[in-house]
Amino acid sequence: MVKTINILETFINIIRNNLENVSVEAREVKEGYRRKSLYIYLENTRVQNYMEQYRETRTNVRIIYRPESDNDLEELLNVQEKLNELFADEYCIDVNGVPVELTNVDTTISDGDLLFNFDVYVFEEYPKPTAEMMEELYIREV
């Protein structure tokens, strides 16, 4: 089963491998953002059980990029384009062997920061419990 921590770790690794010289943080920010850093977190996670056979997970990924300087529109647009290549152009990403669908990519530049959001959808079958086959059962005589 894909856990939300697996989803977050996969996205962090994708960003770290493709955006050089950018610090990637996956924690709550209470004291403000550091410059030239990217914050990623999951929000509004919903998990549903279908007939005890399938698990559906939906969550929203939020990425906030704080550029090195407030007036560097070119830096913001370059990071935006790279994130689009990583998450908008790729509609499906493998997380531990399970396809994870990416939808509804939305980008906004606000107050000098880049806000990048997209939805994640996972639909997977629960692992089937293993049981001994009838021919392998041994019955003790009384």
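Here the side chains of D113 and P67 are in contact, with some heavy-atom distance below 4.5 Å.
Shortest non-hydrogen contact noted between L115 and S110 is CD1-CB, 4.0 Å. The minimum heavy-atom distance linking N60 with F118 is given by the pair ND2-O, 3.3 Å. Nearest approach of T10 to I93, heavy atoms of both residues: CG2-CG2, 4.1 Å. Heavy atoms only, all atoms of each residue included: E125 and M1 are closest at O-SD, 3.9 Å.
The main-chain N or O of E68 is found under 3.5 Å from a side-chain atom of E75 such that the two form a donor-acceptor pair. The closest donor-acceptor contact from the side chain of N6 to the backbone of K3 lies under 3.5 Å.
Sorted by first and then second residue, the pairs that involve residues 43-57 and meet side chain to side chain donor-acceptor pair (under 3.5 Å), not counting sequence neighbours, are E43-R62, T45-T59, Q48-Y50, Y50-E56, E56-R58, E56-Y121.
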Task: Pair D119-L102, side chain to side chain contact (heavy atoms under 4.5 Å, CB included): steps then yes or no - done: CA-CA 6 Å; D119 293 328; L102 311 179; over 6 Å; no

TODO: Take V61 and L42 through the test side chain to side chain contact (heavy atoms under 4.5 Å, CB included) and record every step on the way to the result.
DONE: CA-CA 5 Å; V61 178; L42 303 180; 3.5 Å; yes

TODO: In sequence, state the C-alpha distance, the side-chain angles, and the governing distance for E25 and S23, and then conclude on side-chain hydrogen bond (donor to acceptor under 3.5 Å, both in side chains).
DONE: CA-CA 7 Å; E25 305 284 338; S23 172; 3.2 Å; yes

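For the ring pair (Phe, Tyr, Trp, His ring centres under 6.0 Å) test with F11, the passing option among F87, F116, Y39 is F87; the others fail.
Linking ILVMFWY side-chain heavy atoms closer than 4.5 Å, directly or via other members, places L77 and L83 in a single hydrophobic cluster.
Counting heavy atoms of neighbouring residues, nucleotides and ligands inside a 6.0 Å radius, atom OH of Y126 exceeds 12 of them.
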